[in-house]
Amino acid sequence: MEVEQRLWDGVLEMTKAAQERGTDPLIWAMQLSSSLAAAGVSLPSVELAEVLVSSICWSNNVPIAWKFLERALTIRVVPPMLVLALLSTRVIPSRRRYPGAYRLYMELLKRYAFSLPSLINGPNYQEIMESISDVLQFSQILGVQSSEPGLLVVEFIFAMIWELLDASLDDEGLLELTTEKQSRWPTRGQDMEIDYLGSFEGKKMERHAALSKINTVMAVEMIGEFFRNKVTSRILYLARRNMPMHWECFIQHLRLLAANSSSLRSSKNTSPEELLQLTSDTRILLSRECKTNSQHFHAVTARSPMSSAGQCHGTVRSALWLPIDIYLEDIMDGSQVRDTSAAETLMGLVKSLQALNQTTWQDAFLGLWTAALRLVQRERNSSEGPVPRLDTCLCMLLSIATLAVVNIIEEEEITLISETERSSISQRKDIKSEGKRRQDLVSSLQRLDDFEGLLTPPPPASSLANQAAAKAMMFLSGLTVGSGHLDVMTLNDLPLNCSGNLRHLIVEACIARNVLDTSAYLWPGYVKGRCNQIPRSISGQTPGWSSLMKGSPLTPQMVSALVSTPATSLAEIERMYEIAISGTDEEKISAATVFCGTSLSRGWNIQEHTALFIVRLLSPAVPTGFSGSDSHLIGYAPFLNVLLVGISYIDCIQIISLHGLVPQLAAALMPICEVFGSCPPNMSWTLNTGEEISAHAVFSNAFTLLLKLWRFDQPPLEHVMGDVTPVGSPLTPEYLLLARNSQLASCEKSKNPYKTNRYSRLAYPSSRAPIFMDSFPKLKRWHRQHQECIASTLSALVPGNPVHQIVEALLNMIFRKINKGGQPLTPTTSGSSASSTSGTEDSSLRLKIPAWDILEAVPFVLDAALTACAHGRLSPRELTTGLKDLADFLPASLATIVSYFAAEVTRGLWKPAFMNGTDWPSPAANLSIIEQQIKKIVAATGVNVPCLSIGGSSSVTLPLPLAALVSLTITFKLDRATDRYLNLVGPALSHLGIGCPWPCMPIIAALWAQKVKRWSDFLVFSASQTVFHHNSDAAVQLLRVCFTAALGLNSSSVGSNGGVGALLGHGFGSHFTGGISAVAPGILYLRVHRAVRNVMFMTEEIVSLLMHTVKDIANSGLPKEKIEKLKKTKYNMKYGQVSLAAAMTQVKTAASLAASLVWITGGLTLVQSLIKETLPSWFISVHGSDPNGEESRGMVAMLGGYALAYFTVFSGVFAWGVDSASPAYIRRPKVLGKHLEFLASALDGKISLGCNKATWKAYVTGYVSLMVGCTPKWMLEVDVEVLKRVSKGLKQWNEEELALALLGISGIRAMGAAAEMIIGSGF
């Protein structure tokens, strides 16, 4: 240290002597450089900079000293940026005492602050930047703990301009007007202003004052220079993007300067308006516009508003929202129950498409509304089947889609509220409480009037639509609009032209959720009737919701009215909930009945509340003062049974599923099953109607409802077949409980004030503690037995044990006629069974046992019965009758019947049953017709499956267990009471038949079509799934037709114009006289894709079809023969080609379709497999090209790369979302990081690619461009070193702008690398 001190003392002495001699500054600088080099000091020297600046400030503040310093800077003896940092901390606080020094500092700043390339490319870069950080105290002031030199460069530029800004504000007395009242930078000295002003006199003081004013103007102009300079402006953009809190403070100071600075107004170089423009958020500094081929890509990704043309089911612009149509149609599958909210999924989907399509929110909302309207219109004329869908479709339009829009609007307004809370009081008045999205919603609903063909309500909704229109007319007439008027108005009361449509219902749904107000009634054309047509004197007091709110009792007439009329407000349904909680027993049952009425099925304005209230009511609180060993649930048996029966129908379950309440419903049902399944059947209750219900009945209703919530009915084929690749985990009781626990935990942690307050305070669960399967030992034991039944054959029963005795009792009960005087059906040892006659007599006594014990014995009963039938000891008719008696005795046993028979079918151990009409029911009367119709459906779609056998089969057989199951199902009567049981067995029977060899499924369809002729079309359509299960090529053909139809590439295809209409058509049904009509290919695929055995195979095929489609797009979809013919004409250079912009639009549509199909087919798991495995394998593999080489070069190769880029990003946003709102986003960093690592390794040359180079380049540039422009938040989750490698590879391709944009959006970790690229490229 002493040696160093002597060295720097010598430097000061040398400098002092040179000053005294008047030595030329350049000579002094050269001598200094030589002496320091001789002393082994590395140049530029950090220590020398500190010595020279300390000498000048302020013991040697003379002109010659500043000249010496300037020469030292010129020859780089000292680092310029460090000198500027050192001077800023000394000169700016003392600028009023030393205005000349401040002027010289700004001259040096103007000369050297922009010479950043010499800094990053020069010696001692790291050391210099660390010294600057220490001098300016970045870690304390900016809070960024990093020593990365590039990041410190950003902070340095930011600090330099911010210091000038605050100094200028202070000079003009404006700093006191800021929120902080002072600068975070050292802009003021420690001495009082009067201390140094007193040392000046007269003209000298005037000169100081004048120079200070000039300095302030110069400082303001320097701020403008930093924003005008291409390099520093982009560096400041990095600060704006990655240090938002600091930037917000800085920009507030700058706006204050622009609004009030006299120096800025007096400047000739910079105006307030220009300064604000230079710093505005709309100024794009990191553009996605890139050179070479990627410019074509960006041209197509530019924003283009949705065309208002085409108001039918399919339009060209509707292709932008095609994934919404596909999702909505897929989720309508009645056999599927989902554990997540459809509104949340739909919200993520709309946000993703809005980002990728670069549209306004107005267009995005309009795309959602029209897609949901198309769904309803497709359903209005569909064929009848066992699963009604119209109420579910209306739920999707008027409740789920509305909630998705509400979530999107509230998301923006929550952000605005957060900004308001962070802002100063003076700034809050500039922040609006309502976001732009709310106004975009209004505009989208106003534009809906242009889609008149989609707005016609289906008949069940017509009266409610008319009431909505009447409500608006009443509002305009000056009447008080309440449900009271609407309760008593009939269709005869309405004016003739008061006809409502679906837009009226959508508007009412939005008003109910507070995203619209009644000003919507004033929209042009919204009300078409005259106000004076509304009847002003409505007499009579008709029972209804208004009467209830006024205190009317729940009479039978009132209950009937409330069941048939949906509630319209949360207050009404809350009132009913309070009655259900605290009313008399009779009132509670009436309230339960009302909850399960039209308020659930068609109360779209409050549907989510109704469903949630029902779930809460199924978990009643323990009454005050309750004591006893039995569960308190037993006392609620009649009340619970009304709810269980009321929501057990498939359409109600679908509505609850769409609202994401399945996990909570399952958690409410499990205690009911556990308690009532443990009660003896002699425990019963008599209702007011005289009906008696037993514990077995309550248990069966709860248990069968519970089983509809998870995939118990999935055929065991998935578990035992080696060639099947299951995707994801089917819902199980354990999973549903985990999902329930997660939902309540996330609600507890939610910081969203809207979502936590949106639901009624009454609906909060009494207990939010986690629940696990161990709390339900009986249910857990049954589930384990259920799984064992699927996995292996039953083990032998030990004679005499309790289960064996129950088995004998059950067999004696259900086969009592056969057992009289005959041999027992159970395989027992000699002497193990008493007389069968005596067994029959006391079987009913022995079966007075809990339901769980009976269910444990049922598999053995079924095994014995099936064995007896196979060996001729039991006729098929007797077997069927016995099974029906068993199901009637304990309906819950249907679940075990299904699982046991399904398992036995897949084992293939039973002899076939001949469906000849003698032993088993015969399908001969219509089997041939069913087979022909199946082939007609498949062929009309464009799929050729030559192996379908039509008739000609001498013997029609089914596996014995399947024959028994289908025979059992057709014994059920078709009424409301048995619907809930048929809907439990029906999906299982269908799944099982699809997996069996041809013609098992046609036989099942034929037998059921004989029973219910009006379901014939539905049954044929369902049976066609078996074709695609057994023939993977048929599934590929169907996918090919979907691409062709959606893009309109083949004039011979269904719907030659392409779009949503060609892909999804107008639903399914016999729209033509004389038989079943052709089905749109998309509809068919969405109904059959769950039957495809290997979905991983489907992913590879979708990629292949996408690339084939790209070639067709490039050739305008013309057949090969025509292309060859056109080649030979004088137009051979343009054969079949389309414009690049049109081709890119088609490519994007094809990619969105491909991504939708992958996501729908396999969900998150399949998308992640695609990105991690399938796509890298495709790029590595060698792909053949056509002999003419046209596929491997030019337009086709480039379009193929862009198609894959869109495909990958579409798939990712569907699965993960564009932000962190979706729960699935937690899996995104790993998968995305792995894919970008693959890209980086390929760009580095570490991986050899087999694909075309043009395709690869287009893919990489397109993929990165989409992420930069549409999913910037993704990059914050990726390892910055991987991003740097990708960026480096892009730069080697002359894609500097794109490389920079990638780093620019990747957060503060990549900010340094981005800054260095900006400086290195000079742009």
**Prompt:** Taking the side chain as C-beta and beyond, is there a heavy-atom pair between Ile655 and Ile647 under 4.5 Å?
**Reply:** no
**Message:** Just to verify, what does Lys588 make a salt bridge (charged side-chain N to carboxylate O under 4.0 Å, His left out) with, not counting sequence neighbours?
**Reply:** none
**Request:** Determine, using ring centers only, whether Trp852 and Phe703 are less than 6.0 Å apart.
**Result:** yes
**Request:** Grab the two heavy atoms, one from Thr704 and one from Ala892, that are nearest each other, plus how far apart they are.
**Result:** CG2-CA, 4.2 Å
**Prompt:** Hey, is CD on Glu586 packed in by over 12 heavy atoms from elsewhere, all under 6.0 Å?
**Reply:** no
**Request:** Identify the heavy atoms of Phe639 and Ala592 that sit nearest to each other, and give their distance.
**Result:** CE1-CB, 3.7 Å
**Geometric class of the His783/His786 ring pair [parallel <30°, tilted 30-60°, perpendicular >60°]** = parallel
**Asked** Is any side-chain heavy atom of Ile581 closer than 4.5 Å to a side-chain heavy atom of Leu617?
**Response** yes
**Asked** Got a donor-acceptor contact below 3.5 angstrom from the Asn641 side chain to the Ala637 backbone?
**Response** no
**Fill in**
Nearest heavy-atom contact between Ile331 and Gln654 is O-NE2, 3.7 Å
**Prompt:** Would you say the side-chain atoms of Ser631 pair up with the backbone N or O of Ile634, donor to acceptor, closer than 3.5 Å?
**Reply:** no
**Qualifying residue for side-chain contact (heavy atoms from CB on, under 4.5 Å) with Leu705, from Ile672, Leu669, Leu643** = Leu669
**Asked** Are any non-hydrogen side-chain atoms of Ile814 and Val861 less than 4.5 angstrom apart?
**Response** yes
